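Below is one structure, written out as structure tokens; comments come after it.
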There are 2 protein chains.
Amino acid sequence: MAGKKVLIVYAHQEPTSLNGSLKKVAEDELSRQGCTVTVSDLYSMNFEPRATRKDITGACSNPEFFSYGVEAYEAYKKRSLARDIIDEQKKVQEADLVIFQFPLYWFSVPAILKGWMDRVLCQGFAFDIPGFYDSGFLKGKLGLLSLTTGSTAEMYTKAGVSGDFRYFLWPLQHGTLHFCGFKVLAPQISFAPEYASEEERKGMVASWAQRLKTIWTEEPINCTPPWYFGQ
Amino acid sequence: MAGKKVLIVYAHQEPTSLNGSLKKVAEDELSRQGCTVTVSDLYSMNFEPRATRKDITGACSNPEFFSYGVEAYEAYKKRSLARDIIDEQKKVQEADLVIFQFPLYWFSVPAILKGWMDRVLCQGFAFDIPGFYDSGFLKGKLGLLSLTTGSTAEMYTKAGVSGDFRYFLWPLQHGTLHFCGFKVLAPQISFAPEYASEEERKGMVASWAQRLKTIWTEEPINCTPPWYFGQ
């Protein structure tokens, strides 16, 4: 939709991977619609995943006892967070939709993307106490996980060895995005591209491009336990 | 139990934190029992969380298309993984019990610990296809998550806003530890130490020390969906 702003947080090492193709087709399709698309290409940026004292550029509020959460909250308010965090927060602040594009590592995001969540979505910026879930500070924004898996769709069913794919989405969609106030759109899961034919992989990219054509008309999921764990 | 080997993978920035105390009391109690205790103090080590080409010290098997999983698998077999990965794998290989000590970040481990999982538990070392879940290569070992939370125990109940705490354990205990063959001991959760009194925090440390006295007699949990999502 013309005028909308989209941030793609992208975590894959190889531009010619399926993740790279999914990222590129999203950039192309959304730009074609007239959206402004920004990409944070975490590996290219060599994004820092570790939450350390270096993230606080000024003095710590308690130099004797380092609590990352407390210090990041204080530094956010004093505008003394590390430059790379401030830059990412600005991109998030401007976005109407944030798409996370990544390969599933251990039922979750790769560490480089986990570090983006740990460091960028700090208290004061993304939430406060109170000020979380439906009152999270990023309310009004849409969030969407687009991921590839190593295992097949069959393994990620209730009766499969890895359980329903919705189970592993809980910490990311509910515990992170919803906690910060995002409305969550249905995930885009491209299952087991390594076992797929070239034609099937092209189909995965095409179906993502097709979905994006009407993405702005989608209703968010009901991000509550029944969606994840219900029958 | 005398003669047993324990690895503590520890992810907190501040030695005087509750996480630091929980790590120290585990070292003390297990050493007192005659166990050999090794600690990987990830922040002190400045452990690298990013899964990149640098982890492959020799030539890549496919220099034109970098797949981290494929290259790490090949490098494991050729013993050409990065030194820090090999060192951690050796510690895991020797351990009878691996304890992960960390503060919950976004319903999961901090990125520095996620990176340890992403990089150390590679195909060939921790699992293969086939060779996962009950056939995972780390079978015979025990795994245990000891974590602190920001939110209260009440929030982590089925009726609470953050859902049952078992929901967020699924990717870590089932998707990671069980996948690699670990038998999983019940988690040790120290809820909301920031809101607790000094005496309550001491109680959390004491109760962990007490539990460790009989840890070798514990039965693993039944790491299947009913444990996580059942009534």
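Computed over heavy atoms, backbone and side chain alike; hydrogens, waters and symmetry mates excluded. Every chain is numbered from 1 and lettered A, B, ... according to where its sequence line falls, protein lines coming before strand lines. All figures in this text were calculated on a predicted structure; none of them were measured in a lab.
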- Heavy-atom contact with chain B under 4.5 Å, split by part of A:L121: both

- With a 4.5 angstrom heavy-atom cut-off, which part of A:F65 approaches chain B: side chain, backbone, both or neither? both

- Top contributor to chain A contacts, counting heavy-atom pairs under 4.5 Å, from B:Y133, B:F179, B:F168, B:Y43: B:Y133

- Structural part of A:V70 lying under 4.5 Å from a heavy atom of chain B: side chain

- When the 4.5 angstrom heavy-atom criterion is applied to A:H178 and chain B, the contacting part is neither

- Residue pair A:Q101 / A:S146, side-chain donor-acceptor N/O under 3.5 Å: yes

- Task: Flag the pair A:E199 and A:K202 as a salt bridge only when some basic side-chain nitrogen lies within less than 4.0 angstrom of an acidic carboxylate oxygen.
- Result: no

- B:L42, B:I112, B:D118: which one forms the most heavy-atom pairs within less than 4.5 Å of chain A? B:D118

- Heavy-atom contact with chain B under 4.5 Å, split by part of A:E64: backbone

- Note on the structure: Pair count under 4.5 Å, heavy atoms only, with chain A: among B:P225, B:S17, B:G115, highest is B:S17

- Note on the structure: With chain A, the option among B:R50, B:Q13, B:E194 that has the most non-hydrogen atom pairs under 4.5 Å is B:R50

- Message: Less than 3.5 Å apart, any donor N or O on the side chain of B:S67 or A:E14 sitting next to an acceptor on the other?
- Response: no

- Is it true that A:D87 and A:K91 have a side-chain N and a carboxylate O under 4.0 angstrom from each other? no

- Basic-acidic side-chain contact under 4.0 Å: B:K139, B:D134: no

- Item | Part of A:R53 lying under 4.5 Å from any heavy atom of chain B | side chain

- Would the A:Y228 and A:Y167 ring centres measure less than 6.0 Å apart? no

- Query: So, A:F107 versus A:F165, ring centres under 6.0 angstrom or not?
  - Reply: no

- Pair count under 4.5 Å, heavy atoms only, with chain A: among B:T52, B:V161, B:V109, highest is B:V161

- Message: To the nearest 0.5 Å, what is the distance between CZ on A:F66 and SG on A:C60?
- Response: 5.5 Å

- In terms of heavy-atom pairs under 4.5 Å, which option from B:G163, B:A111, B:P15 contacts chain A the most? B:A111

